[in-house]
Amino acid sequence: MYLVRRTYKTKPGEARRVATLVQKQVQIYHDAGHREEFTVSFNAGTCPGESNVVVLEWTTEAFQSPAREGNNIPPEAYEAGALYRPYIEGSHIEFWELMTPGKMQE
């Protein structure tokens, strides 16, 4: 099991807008069966830590390429993603293996 975290650095003052648009886009993926349950969080400057950041997280059993054969991404997902791109300064993705009882060491 893996945790996938995509972090977006937004233009100043745009974190809440980007979080809203990312939430809408990922809901399209989820409704089409392309994404497991997910969370979107943001810091618009009202919380300690780095501001103007949006974080999308989900867990998955396995990594799958979006370009895999037979994967039909809904066109609405592309359209939704285009709406927040003007407000993004950068992004990165992280993959973390989750600890499970079977992976624990003595």
Side-chain angles (χ1 to χ4, degrees):
M1 180 72 81
Y2 300 92
L3 170 71
V4 182
R5 177 182 299 137
R6 181 174 290 280
T7 302
Y8 302 90
K9 178 67 176 165
T10 72
K11 292 182 178 179
E14 299 295 348
R16 187 172 174 189
R17 178 193 318 267
V18 170
T20 298
L21 295 170
V22 167
Q23 177 82 25
K24 290 178 180 180
Q25 180 193 38
V26 181
Q27 189 64 53
I28 292 167
Y29 279 114
H30 177 73
D31 292 347
H34 286 261
R35 183 71 41 87
E36 292 85 347
E37 292 294 322
F38 64 94
T39 60
V40 175
S41 53
F42 68 98
N43 185 358
T46 57
C47 299
E50 187 177 359
S51 60
N52 301 309
V53 173
V54 174
V55 178
L56 164 63
E57 292 183 320
W58 70 95
T59 58
T60 186
E61 289 289 334
F63 300 129
Q64 296 185 46
S65 170
R68 67 188 177 276
E69 188 174 327
N71 187 34
N72 298 314
I73 297 174
E76 310 86 58
Y78 290 117
E79 294 163 9
L83 296 176
Y84 64 79
R85 282 192 197 96
Y87 307 108
I88 300 294
E89 290 185 345
S91 72
H92 67 275
I93 192 164
E94 301 171 50
F95 300 90
W96 297 87
E97 189 167 357
L98 294 174
M99 179 55 71
T100 62
K103 296 176 187 174
M104 294 185 69
Q105 297 181 328
E106 300 221 6

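One is the number of the first residue; the rest follow in order along the sequence.
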I'd like to know if the side chain of Asn43 and the backbone of Glu50 have a donor-acceptor N/O pair within less than 3.5 Å.
yes
With a sphere of 6.0 Å drawn around NZ of Lys24, does it hold more than 12 non-hydrogen atoms of other residues, nucleotides or ligands?
no
For Ala32 and Pro74, the nearest pair of non-hydrogen atoms, with its separation, is CB-CG, 3.6 Å
Over 60° means perpendicular and under 30° means parallel, so classify the ring planes of Phe63 and Tyr2, tilted if in between.
tilted
Are more than 12 heavy atoms, taken from residues, nucleotides or ligands other than Arg35, located less than 6.0 Å from that residue's CZ atom?
yes
Short question: side chain of Asn52, backbone of Gly13 - any donor-acceptor pair under 3.5 Å?
yes
Report the residues that fulfil salt bridge (Lys or Arg N to Asp or Glu O under 4.0 Å) with Arg5, sequence neighbours left out, ordered by chain and then residue number.
Glu57, Glu94
Is it true that Val18 and Leu56 fall in one hydrophobic cluster, defined by side-chain heavy atoms closer than 4.5 Å?
yes
Are Val54 and Val4 joined in one hydrophobic group, where the rule is that I, L, V, M, F, W and Y side chains link up if heavy atoms are under 4.5 Å apart?
yes
When you group the ILVMFWY residues by side-chain heavy-atom contacts below 4.5 Å and let the links chain together, are Phe42 and Ile93 in the same group?
yes
Say you draw a straight line from CG of Asn72 to NE2 of His34; how long is it, rounded to the nearest 0.5 Å?
6.5 Å
Which pair of heavy atoms, one from Ala44 and one from Ser51, lies closest together, and at what distance?
C-CB, 4.3 Å
Across all chains, not counting sequence neighbours, the side-chain contact (heavy atoms from CB on, under 4.5 Å) partners of Gln27 are Gln23, His30, Asp31, Phe38
Distance in Å, Arg6 CZ paired with Trp58 CH2, rounded so as to fall on 0.5 Å steps
6.5 Å
Going from CD1 on Ile88 to NZ on Lys9, what distance comes out if it is rounded to the nearest 0.5 angstrom?
10.5 Å
In the single-linkage hydrophobic clustering (I, L, V, M, F, W, Y; side-chain heavy atoms under 4.5 Å), do Leu21 and Tyr8 co-cluster?
yes
Got a second to check how far Leu83's CG is from Thr20's OG1, nearest 0.5 Å?
12.0 Å
Around Met104, counting heavy atoms of other residues, nucleotides and ligands shown, do more than 12 lie under 6.0 Å from its CE?
no
Do Val40 and Tyr29 share a hydrophobic cluster (ILVMFWY, side-chain heavy atoms under 4.5 Å, transitive)?
no
Any non-hydrogen side-chain atom of Glu89 less than 4.5 Å from a side-chain atom of Pro12?
yes
